[in-house]
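Letters A, B, ... mirror the listed sequences (proteins, then strands); counts begin at 1. Since we're looking at a predicted model, the values are computed, not measured.
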Number of protein chains: 2
Amino acid sequence: MADILTDTPETPDLDACQSETDRLVACAELLFFAYRDFTGEPDAVLEQYGFGRAHHRVLHFVYRNPGLRVARLLDILKITKQSLARVLKQLIDTGFIIQRTGPQDRRERQLFTTEKGSALAETLTNLQVKRLAQAFADAGEGADKATRDFLLAMISQDQRQDVERLTRCRDHAKNHASEKDMLDNDPTSVSTNKD
Amino acid sequence: MADILTDTPETPDLDACQSETDRLVACAELLFFAYRDFTGEPDAVLEQYGFGRAHHRVLHFVYRNPGLRVARLLDILKITKQSLARVLKQLIDTGFIIQRTGPQDRRERQLFTTEKGSALAETLTNLQVKRLAQAFADAGEGADKATRDFLLAMISQDQRQDVERLTRCRDHAKNHASEKDMLDNDPTSVSTNKD
DNA sequence: CCAAATATGTCAACATGGCTGACATATTGA
DNA sequence: TCAATATGTCAGCCATGTTGACATATTTGG
């Protein structure tokens, strides 16, 4: 093992008991624990709505990207149509997300969060943003920039650009479907659901 | 929303198009994508053995903490006994992990990776360590320290110390059950399985 | 020494959220 | 008008989390 990164002879004082590889293994473990706690609080809230983490992802990306199409959502989440359909249907049936026929191409379904959906999305995001802000504060000066660079670099090369585009400069604020929008484009005319 | 962290008026040039909250939301998303790719390569290898990510976790922590007891493993993974039993049994039945009766307390089962188990654990760890090393290289000077601090800070306060103890200064190297060990303490005398 | 506590194993049953493959519908565009 | 496209839907499988109950071996304390 340890042949990808031979232990540096000049092991620094900090973490003197660990080799370079050991530090990276520790990082892998930290990532596991950190991610678990990162998702823990939202999961607890979602449970009260009968939702799971999959619902969170859908709700989040729709909220942050109003008008998102189903095909794009599949591409972002990299799950199958069936996996998405299950949770998306629940979010639509319970009034957290609405869909409208695409104004140009009527085959398309544009997804939007309702007021209720936006509120939940923000509640969940707040939990994670607070935790991130606190963690960066604890980690000290410059940790946020370094961490963002690190996280981006952890993403497979062929998707980095796509993710970067997705995560930057979006029209995120207060974008839930309003009453007047619903008049313009009745979502019931689109739905194939009978209930 | 955005009331937890009001947007700083002095938004720096870097990422000038994003508010502070937006940058944190971007971090949340990056964490999702990064974690997915972080687990992607090991998952693909595990599939060839008929294993999943749950097996990886068990194998990993047993490999890195030879002699680990079941109760401790439950505490680390924070899953139920049944969830662990399912994957652990498979790992034992297929010869990746063995268990021995505790030398002091014979109720205990100490877990060890076999040579085969150690090899797989290292293969999987190598994939993740390589990715981490490359990401830190890409992210530039000091990213590793900052990221480790960040990840630790992301872990819930009440578990941080425990995790820190777990991830530092372990007797990790080449610790698989050897032939002579098996003579000292026959694992078959412990098993309640008939097959 | 026996009884309670402990460590582990095991069972049935259930939920979530991945997956496949097939097929239906509406709509667009050549 | 017909092929391609975007979406919806169905049946069923798998992995991995959950609960609660119960069995067994072993240790330990009164």
Side-chain angles (χ1 to χ4, degrees), chain A residues 32 36 39-40 42-44 46-47 49-59 67-75 77-93 97-111 187 189-195, chain B residues 32 35-36 39-40 42-44 46-59 67-75 77-93 97-111 187 189-195:
Chain A
F32 163 64
R36 185 173 63 186
T39 55
D43 283 356
L46 288 156
E47 205 177 350
Y49 293 81
F51 293 152
R53 202 175 300 174
H55 301 84
H56 184 188
R57 288 174 189 149
V58 171
L59 188 64
L68 200 63
R69 292 193 300 107
V70 169
R72 176 66 180 138
L73 197 44
L74 288 174
D75 187 54
L77 298 175
K78 302 220 185 303
I79 57 177
T80 57
K81 196 166 44 159
Q82 174 67 330
S83 294
L84 174 60
R86 208 155 31 197
V87 294
L88 181 55
K89 188 175 191 311
Q90 288 177 279
L91 286 166
I92 291 169
D93 289 350
I97 286 179
I98 62 163
Q99 49 188 176
R100 302 193 199 128
T101 300
Q104 268 76 51
D105 188 334
R106 291 179 48 79
R107 288 171 302 182
E108 293 180 0
R109 299 287 179 269
Q110 296 187 327
L111 301 173
S189 68
V190 169
S191 177
T192 55
N193 302 333
K194 271 75 52 182
D195 58 321
Chain B
F32 163 65
Y35 193 78
R36 185 173 63 185
T39 55
D43 282 356
L46 287 157
E47 205 176 350
Q48 300 170 348
Y49 293 81
F51 294 152
R53 202 176 300 174
H55 300 84
H56 184 188
R57 288 175 189 146
V58 171
L59 188 64
L68 200 64
R69 292 191 301 108
V70 169
R72 177 65 181 140
L73 197 43
L74 287 173
D75 187 54
L77 299 175
K78 301 220 186 299
I79 58 175
T80 56
K81 197 165 43 159
Q82 175 67 332
S83 294
L84 173 59
R86 208 156 28 200
V87 293
L88 182 55
K89 189 176 191 312
Q90 289 177 281
L91 287 166
I92 290 169
D93 288 351
I97 285 180
I98 61 162
Q99 50 188 179
R100 300 192 199 131
T101 301
Q104 268 76 51
D105 189 334
R106 291 178 48 81
R107 286 171 304 182
E108 293 179 358
R109 299 288 178 268
Q110 297 187 327
L111 301 173
S189 68
V190 168
S191 177
T192 56
N193 301 334
K194 271 75 53 184
D195 58 321

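For A:R106, a side-chain nitrogen or oxygen approaches OP1 or OP2 of C:dT27 to under 4.0 Å. For A:H55, a side-chain nitrogen or oxygen approaches OP1 or OP2 of C:dG17 to under 4.0 Å. Residue A:R53 places no side-chain N or O under 4.0 Å from the OP1 or OP2 atom of C:dG17. Residue A:Q99 has a polar side-chain atom (N or O) positioned under 4.0 Å from OP1 or OP2 of D:dG8.
Contact of the B:R109 side chain with the B:T101 side chain is registered, since non-hydrogen atoms from C-beta on lie closer than 4.5 Å. Side-chain atoms of A:V58 and A:L111, non-hydrogen and from C-beta on, never get closer than 4.5 Å to each other.
Atom CD1 of A:I98 sits about 10.5 Å away from atom CD of A:Q110, to the nearest 0.5 Å. Going from atom NE2 of B:H55 over to atom CD1 of B:I97 covers 9.5 Å, rounded to the nearest 0.5 Å. Distance OH/B:Y49 to CG/B:L91: 12.0 Å, rounded to 0.5 Å.
Nearest heavy-atom pair, A:G52 versus A:L46, reported as atom, atom and distance to 0.1 Å: O-CD1, 3.5 Å. In terms of heavy-atom proximity, A:T39 sits nearest to A:P42 at O-CD, 3.5 Å.
Counting non-hydrogen atoms under 4.0 angstrom, A:H56 reaches nothing in the nucleic acid. Looking at heavy-atom distances under 4.0 Å, B:R57 makes contact with sugar-phosphate atoms alone, never a base. Counting non-hydrogen atoms under 4.0 angstrom, B:Q104 reaches the backbone sugars and phosphates but no base. Here A:E47 lies out of heavy-atom contact (under 4.0 Å) with every strand.
Taking atom CG on B:D75 and atom C1' on C:dT8, their separation rounds to 16 Å, with Å as the unit. In this structure, the CD atom of A:Q110 is 14 Å from the P atom of D:dA6, given to the nearest Å. A:D105 places its CG atom 17 Å from the P atom of D:dA4, with the value rounded to the nearest Å. For the pair B:L73 CG and C:dG9 P, the computed distance is 11 Å after rounding to whole Å. One interatomic measurement links the two molecules: CZ of B:F32 to P of C:dG18, which rounds to 8 Å at whole-angstrom precision. Rounded to whole Å, atom C1' of D:dT16 lies 12 Å from atom CG of B:D43. Per the geometry, CG belonging to A:D93 stands 13 Å off C1' belonging to D:dG8, to the nearest Å. Atom NZ of A:K89 and atom C1' of D:dT9 are 10 Å apart (whole Å).
Side chain of A:K89 to backbone of A:R86: no donor-acceptor contact under 3.5 angstrom is found. Judged by distance alone, with hydrogens and angles left aside, the side-chain atoms of A:R69 form no donor-acceptor pair with the main-chain N or O of A:G67 at under 3.5 Å.
For A:A85, the listed nucleotide lying nearest its side chain is D:dT9; candidates were D:dT26, D:dT9, C:dT28.
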Can you pull every protein N or O that's under 3.5 Å from an N or O on nucleotides 18-22 of chain D?
| from | atom 1 | to | atom 2 | distance (Å) |
| --- | --- | --- | --- | --- |
| D:dT18 | OP2 | B:T80 | N | 2.6 |
| D:dT18 | OP2 | B:T80 | OG1 | 3.0 |
| D:dT18 | OP2 | B:S83 | OG | 3.4 |

N/O to N/O distances under 3.5 Å, protein versus nucleotides 2-6 of chain C:
| from | atom 1 | to | atom 2 | distance (Å) |
| --- | --- | --- | --- | --- |
| C:dT6 | O4' | B:R107 | NH1 | 3.4 |
| C:dT6 | O2 | B:R107 | NH1 | 2.8 |

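Under the salt bridge (Lys or Arg N to Asp or Glu O under 4.0 Å) criterion, B:D43 pairs with B:R53, sequence neighbours left out.
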